[in-house]
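One structure below.
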Amino acid sequence: MKKLLSVSIALIMVLMLAACSNEGDSGTEKKSTSSELTESSEAPKPTESAESTDEKLVIGISVRNIENPYYVQIYDAVKQFTEYMGEEKFDIQFIACDSSDDQQVSDVQAMIARGGKNTVIYIDPNNAAVCSSVAKICEEAGVYWCSVWSYADGVYPYNFNYYAFHQTPGQVESEKELCLDMFSQFEEANKGKILAIKGLEGNTASIDRFAGLNEALKEAPDVELLDSQNGDWNPQTAQTLTTTWLNKYGADEIDAIWCANDEMALAVIETLKSQGLNGKIKVTGFDGITDAVNAIKSDDMFGTVGANPWLEGGQGVAYLYACWKGDLDVTSLSEGERCFYTEPQILTKENIDDFIKDYIDNSPEIDFDNYMDMIYAPLELE
Amino acid sequence: MEHTTIFSCKNITKDFSGMRALDSIDMDIKSGEIVGLIGENGAGKSTLLKIIMGFQPATSGEMYMNGERFSPAGTRDANYKGIGMVYQEQSLITNLTVAQNIYFGFEKKFRQFGIGVNWKEMNEQARRVLAEVGSGEIAPGKKAGELNFATRQMVEIAKVLNSVRLSNADHYLILLDEPTSLLNDNEIKLLFKQVQKLKEEGHSIVFVSHRLDEVLELTDRIYVFKDGKGVGQVETKKADEATLYEMMVGRSTSGEYFKIEKQKEPGDEIVLEVKDLALKGAFKEVSFQLHKGEAFGICGVVGSGKEELCSVLIGDDKPTAGTIWQNGSQRKFSSPADALKHGIITVPKERRVEGIVEIRSIGDNIIISNLDEIRQGCYLSPGKIKDIGEQWIDRLSIKCTGVDALVQSLSGGNAQKVVFARALQSSCRILILNHPTRGVDVGAKEEIYTLIREITAQGISVIVLGDTLDECIALSNTVMVMKDGFVTKIVDAPKYNKPDQVKVAQFMM
Amino acid sequence: MQNSSKESITIAEEFIRETKKQEQRAIIMKLVPIVLLIALIIIFGSITPQFLTVSNLYSNILEQLSILLVTSMGTTFVILMGGIDLSTEGMVGFAGCFVGLLVQNSANDMNLGILGIIITILFSALIGAGIGLIHTKLRLPSFIITFSAGYIAQGLGVLTYKGIPAAILDEGIRNLYFHKIAGLPVLTWIAFVVFFIALFLEKKTAFGRYVFAIGDNEKIPVMSGVNVNKVKILVFVWTGICFGIAGIMGAAKLGTSQIYIGQDLLFPTLTAVVVGGTSMSGGQGGVVNTLIGVLIVTVLQNGMVMAGVPNELQKGVQGLIIISVIVLSRRRSRKQIVK
Amino acid sequence: MMQLKNKVKIKVNSTIIGTIALILLVGIFGMVNSSFLASNNIGNILTDISPLLTMAIGVTFIIMIGSTDLSIGAVCSMSSVLFVRYAELLGPGAYLLVIVFGLFSGLIVGLLHTQFKVPSFIASLGIMSVWQSLSLVFSNNGTIQLNPKQWYLTDWMGSKFGLLPIVFLISIIVAMVYLFLQTRTSFGKKVFTIGANERSAVMSGIPCARTKVLIFSLAGACYAAAGIMFVTKLASGSPNLGDDFTLLAIAAVALGGTSLSGGRGSVINTLIGVAIAMVIRNGMTVTGVDGFWQKIVFGSIIIIAAYMTTDRSNKEQVIK
């Protein structure tokens with residue numbers, strides 16, 4: 001009996017909370033949600049701009065894992081933007097979903113709950129599919145958002161009012177370019193044997209990047225992919241795989257080891273170092289984190305695809321800000337302006353010094369006013 | 001030799017959250033004497049022992065060991081003062097060797113390069129210690145789990161002796177709590193020899209047992225407890241079972257102790273027939289018939305195979321040969337649950353381990369064997385459970401605060417009644433009583449005997465494995481004697497012509 | 001009487017024979033893990049000859065198992081005690097991050113060298129002690145406390161570098177991985193040192209016996225006046241030390257200090273301990289069993305890659321093998337209670 | 001006798017304390033950021049709670065009999081994949097398929113556990129990895145999206161009934177059914193008896209093996225249901241979306257005060273445990289706890305909450 005009683009307590013409590021938090025809730029759910037929102041945080045309709053109120057704009061950044069330098073650089077870029085605009089107006093929330101779709105969607109909901117309409121969301125989907133749920137949520141809440149790297153099939157920005165834009169440096173394309181570049185530099189050009197360490201099984205980023213490699217392989221028929229395994233984004237696993245492979249195939253059989261991201265690539269290099277093979281076997285990664293850049297400089301690593309976090313983060317958020325502020329009406333934009341490539345940066349020995357000069361030694365100047373510059377080429381969504 | 005008082009306690013009182021468990025107990029123990037400590041369950045015997053061993057402090061009163069004030073902080077402390085205890089439930093760690101058990105907690109003695117332990121040395125020492133208690137044949141390197149109960153008991157004693165030896169007191173005090181409950185007669189004899197030996201060495205022993213005959217045989221002096229009070233002490237020479245019983249229970253023992261006059265003649269209908277039943281390594285060629293309303297006693301020493309026979313009859317073990325028949329049809333029980341379907345259930349031997357469910361309420365404990373009958377559809381009404389529970393509580397006069405009381409709060413006797421209540425509630429036709437009165441105080445025993453008579457009167461057949469021989473004979477209409485896995489004799493035990501214990505016993509030994 | 005006594009011998013004989021049989025069966029079952037290990041080696045060897053090369057069996061596999069071996073050595077004791085430790089990934093990851101900041105590195109100008117290593121181990125031990133204290137004093141189940149501790153340690157680890165992992169420049173540490181003795185990196189030898197320490201603790205010390213006693217039946221050591229709580233805390237301290245060492249080894253291997261060092265270590269560790277024959281309910285097994293368990297797990301992972309088992313199937317195969325080991329290596333008496 | 005009175009008192013407390021802890025948390029978060037209490041955020045929390053709650057409820061009985069189950073997450077992922085993959089083919093039949101799969105998975109674990117005496121920990125660990133592999137096979141190594149044509153299958157669950165999301169109502173119904181089983185059926189009695197003293201349960205003629213298998217199967221069905229709930233939320237099925245929830249679910253049960261050694265506990269406690277865990281998670285984000293600190297805060301609060309809720313009344317009881 002007591003138990004039954006206390007469960008009802010628990011339930012009543014929850015209901016109570018729900019009730020007290022929105023008096024005069026009426027009409028169908030969708031409408032009421034948004035209307036309450038405007039109540040609970042007095043933000044006027046986006047069109048008549050936000051300066052009139054002292055309400056802060058919540059900039060929500062949802063990424064895969066916080067441990068990754070690439071994301072930290074995005075965070076910095078967004079910080080720069082807020083400094084540029086005047087910090088007190090903003091409230092940055094930077095959250096990792098630890099490779100869990102569910103967590104990521106929950107985070108987005110929570111962030112919207114926090115800022116109401118005064119929220120913009122910058123999301124690097126853990127899996128492409130996440131975008132479809134986020135699109136739904138943001139459309140209902142009337143919150144502008146953008147996706148980076150991957151998008152969900154059938155869910156395209158120009159079909160929505162609040163899905164501001166999708167930007168990507170083009171994982172497949174740039175990965176392909178990098179690989180071809182590498183193949184051409186084998187002792188015997190475009191002929192050799194390589195191994196591939198993928199990311200987490202079933203993860204979109206991993207799949208796309210691997211796809212890039214395969215594209216390249218199609219064009220270089222003499223390059224043989226001996227084996228490909230999952231590194232689960234885990235450097236340790238990458239090392240284990242490497243030692244195993246070195247035994248299975250023998251060092252001189254292997255021309256290159258392809259990795260789905262830089263952490264794993266760097267780990268592989270460490271293993272190669274321990275066997276004095278660094279530089280002899282070419283290694284590629286993805287993301288262009290600082291350590292990778294240094295590794296390229298010191299010839300331990302062949303190359304990586306440097307996304308441009310400053311552009312993506314800084315100008316991306318500027319873009320969203322404009323949408324929220326009402327300066328920009330996305331619906332009036334062309335498809336090419338809402339789904340586009342950002343400039344890919346394929347980093348190899350050749351261009352590494354310039355990159356270091358521009359991005360490592362002195363952090364780049366981001367032009368927040370002409371955010372549309374970030375558009376490198378329109379992206380055709382099939 | 002002159003007998004100095006080595007231990008004494010002055011008006012020890014112990015309260016448990018308002019309830020008085022011990023009421024100003026006085027006790028003096030001289031060196032080189034064996035003191036018996038008897039009383040019904042809940043009379044306060046174990047509480048006193050616990051206080052002496054320092055498990056719990058007394059609420060008031062003092063204790064003195066070898067003349068000086070004694071208030072132990074814990075077992076170890078008591079040991080250092082020269083007091084050791086052999087516990088009722090065995091306290092050996094089964095996956096450690098004998099030696100490691102004996103020196104458990106005293107490994108420091110065998111320190112080797114800093115933190116290591118020299119097991120060889122320890123084994124040597126252990127062998128010596130075991131030899132002293134006349135069990136030199138026990139291999140110190142053997143895992144305690146591989147020993148039988150009797151041997152373990154000896155190791156226990158060796159362990160205790162060893163730990164008290166640390167105190168440099170010239171005389172020790174050893175507390176034996178129900179040491180014989182798991183031993184057969186030979187083993188008991190052996191144990192008693194050891195105790196006598198200790199006595200001759202001038203050490204003192206406190207001997208706690210439910211078996212008055214043992215107490216009378218072994219002790220010099222007997223303290224009798226009742227409801228937490230000392231109701232007096234008697235020189236063993238001057239005492240006999242009757243007087244002791246009277247002191248304990250407060251009423252005089254009667255010839256009808258076993259309620260023999262209530263014994264009914266069994267019907268002719270055969271409810272269970274066993275033909276050439278065998279379990280490899282346990283018993284062979286066992287055949288008998290059980291009639292309606294019959295009380296069928298099985299006697300035999302530990303290892304005679306009677307225990308195993310029971311576990312086969314209730315489906316807990318599968319027979320390796322032979323057949324079981326019930327009203328003309330053969331049965332192969334796959335599990336106790338299956339046996340219960342055919343109306344066979346047991347009151348198991350190890351009450352706490354396989355009988356009661358301590359952390360559940362009395363009500364739940366009583367109904368669990370009978371769920372399918374009392375539920376309506378899939379609904380099980382708490383009210384119904386309550387009713388059934390209360391019925392049994394006052395039918396068996398179980399002392400408790402209510403049906404919702406947890407069984408762990410009951411005394412041994414009352415807990416046992418709960419187990420009986422469960423068995424009877426299951427509306428069984430055959431009830432297998434495995435030591436139904438083990439660890440049950442005299443008062444409760446009598447009630448259980450009465451109960452058994454009533455059960456048989458209702459036409460339920462009962463198989464009894466008695467805690468003692470006389471109990472078994474007295475309760476049964478028929479007695480089957482087993483020895484080394486074979487049935488050596490089946491004798492009738494009619495109401496007024498019970499077979500002589502000695503005669504029965506000779507078929508056991 | 002005559003005949004019965006004659007037959008009684010046969011019963012007695014029967015009994016002895018039965019017990020003998022059971023003992024033999026028990027011995028055989030004890031051997032199952034090692035038999036399986038050998039079987040695996042043969043199978044993989046027949047599939048891919050490279051598997052049987054010395055360089056693979058010796059330098060490769062022994063190197064690959066080193067970190068797992070160390071973590072398992074820690075967890076074994078907790079499980080022997082009947083508890084469980086879920087903090088593995090967090091603790092190892094934390095230690096890896098922590099040591100990176102103490103030795104010469106790219107993030108700050110600390111350069112304590114060997115001292116940094118010692119501090120890290122001590123600190124891990126300290127966390128272990130903390131876990132033990134909470135477990136014993138607040139009487140929280142080891143499951144929940146280590147579960148949370150894992151989270152906290154992980155958080156602390158990430159906090160040490162806020163996303164930009166420090167590169168470890170300290171030669172000393174790096175050489176644990178680069179410098180080889182008899183064809184094996186130093187850290188593998190360290191792993192074996194840890195193993196022998198664990199073996200010593202288990203077999204040769206009172207501490208080891210107490211752990212077994214607690215696992216068997218905690219009430220008895222309490223009754224015999226042993227300070228059970230102290231033992232429990234010490235066990236978690238030992239576990240902390242092991243995780244600390246594992247973390248340092250991971251850092252040495254990666255050359256950067258990041259939380260990944262602990263990733264995907266929990267279940268392999270538990271699997272290794274259990275497959276080796278240490279029972280989750282405590283009191284049975286030991287570090288030698290765990291060593292075999294670790295070997296099985298490592299050989300499986302290595303072998304399946306060697307044999308080119310499809311990626312997605314590898315886990316499944318592993319799972320089935322685990323189950324079958326346990327099925328084969330368990331005595332199944334009717335009355336036995338299994339949780 | 002007294003001691004027993006205390007116990008009854010404590011039992012009530014552990015539940016009520018849990019509720020208080022929950023209210024406290026909600027209060028704190030509410031104070032830090034009022035929008036935490038905004039009805040749509042409450043909606044979020046309730047939606048987030050639902051899958052975890054369903055899983056935790058399922059595993060509660062398993063923990064009550066002193067066993068454990070590590071296959072939670074894997075079954076959940078596998079179900080999501082199965083559902084999405086066969087939604088087109090079977091339509092509503094997909095629900096049936098997934099639930100049957102859940103029952104089946106539980107059945108295997110149960111049989112391994114009871115018939116071959118494999119400890120539940122290992123049996124479920126093995127089965128876990130099997131499902132992990134198969135879900136990868138069925139999803140062709142990737143997340144598979146629910147074709148918008150099939151959204152109708154799950155949309156009704158996503159919608160709200162008054163303030164309460166339908167998914168939440170479903171999980172609450174599951175909880176209520178379990179509560180009924182626990183308190184008002186012979187099945188519940190058997191569960192508790194087995195958990196409290198399995199040997200006694202055997203001797204008093206309870207069919208332990210059958211009961212256990214049933215418990216595991218039901219639990220499996222619960223995990224599968226949770227899998228569908230994820231599909232509702234993510235409109236996709238993924239071979240590793242459940243992984244993080246295995247330990248979280250068990251922890252939530254323990255957090256509620258159900259003893260991991262079996263015999264003690266309640267579905268109610270699980271309800272509270274889950275609520276606490278999820279409120280912390282959501283609250284931290286809504287109140288803007290820095291991402292770098294969230295894990296630390298989460299872990300610490302769990303310990304505190306666990307300390308508050310665990311029933312420590314019985315000093316004799318051995319804590320492992």
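Within every chain, numbering begins at 1; the chains are lettered A, B, ... in the order of the sequence lines, protein sequences first and strands thereafter.
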| field | Contacting region of A/Leu200 [heavy-atom separation from chain D under 4.5 Å] | value | side chain
| request: Go through the steps to decide whether A/Glu140 and A/Tyr162 satisfy the test side chain to side chain contact (heavy atoms under 4.5 Å, CB included), and finish with yes or no. | output: CA-CA 9 Å; A/Glu140 288 174 14; A/Tyr162 289 91; over 6 Å; no
| said: Please identify, among D/Asp244, D/Thr47, D/Asn147, D/Asn44, the residue contributing the most non-hydrogen atom pairs under 4.5 Å to chain A. | reply: D/Asn44
| request: Identify which part of D/Val267 has an atom lying under 4.5 Å from any heavy atom of chain A, answering side chain, backbone, both or neither. | output: neither
| query | Are D/Ser77 and D/Asn240 linked by a side-chain donor-acceptor pair shorter than 3.5 Å? | reply | no
| task | Counting only heavy atoms closer than 4.5 Å, note whether A/Gln93 contacts chain D via side chain, backbone, both or neither. | result | side chain
| task | Run the salt-bridge test on D/Lys233 and A/Asp101 with the 4.0 Å N-O cut-off and return the result as yes or no. | result | no
| said: Whether A/Arg64 and A/Asp98 form a salt bridge (side-chain N of Lys/Arg under 4.0 Å from carboxylate O of Asp/Glu) is what I want to check. | reply: no
| query | Contact part of D/Leu136 toward chain A, heavy-atom cut-off under 4.5 Å: side chain, backbone, both or neither? | reply | side chain
| remark: One option among D/Thr143, D/Leu146, D/Asn41 has the most heavy-atom pairs under 4.5 Å with chain A, and it is D/Thr143
| Proximal component of A/Asn126, with respect to chain D [non-hydrogen, under 4.5 Å] | neither
| query | Picking from A/Gln103, A/Met111, A/Gln104, which has the most non-hydrogen pairs under 4.5 angstrom with chain D? | reply | A/Gln103
| task | Please state whether the side chain, the backbone, both or neither of A/Ala152 comes within less than 4.5 Å of a heavy atom of chain D. | result | both
| task | Write out all pairs satisfying ring-ring contact (aromatic ring centres under 6.0 Å, His included) with one or both partners inside residues 17-43 of chain D, taking only residues at least two apart or from two chains. | result | D/Phe29-D/Phe36
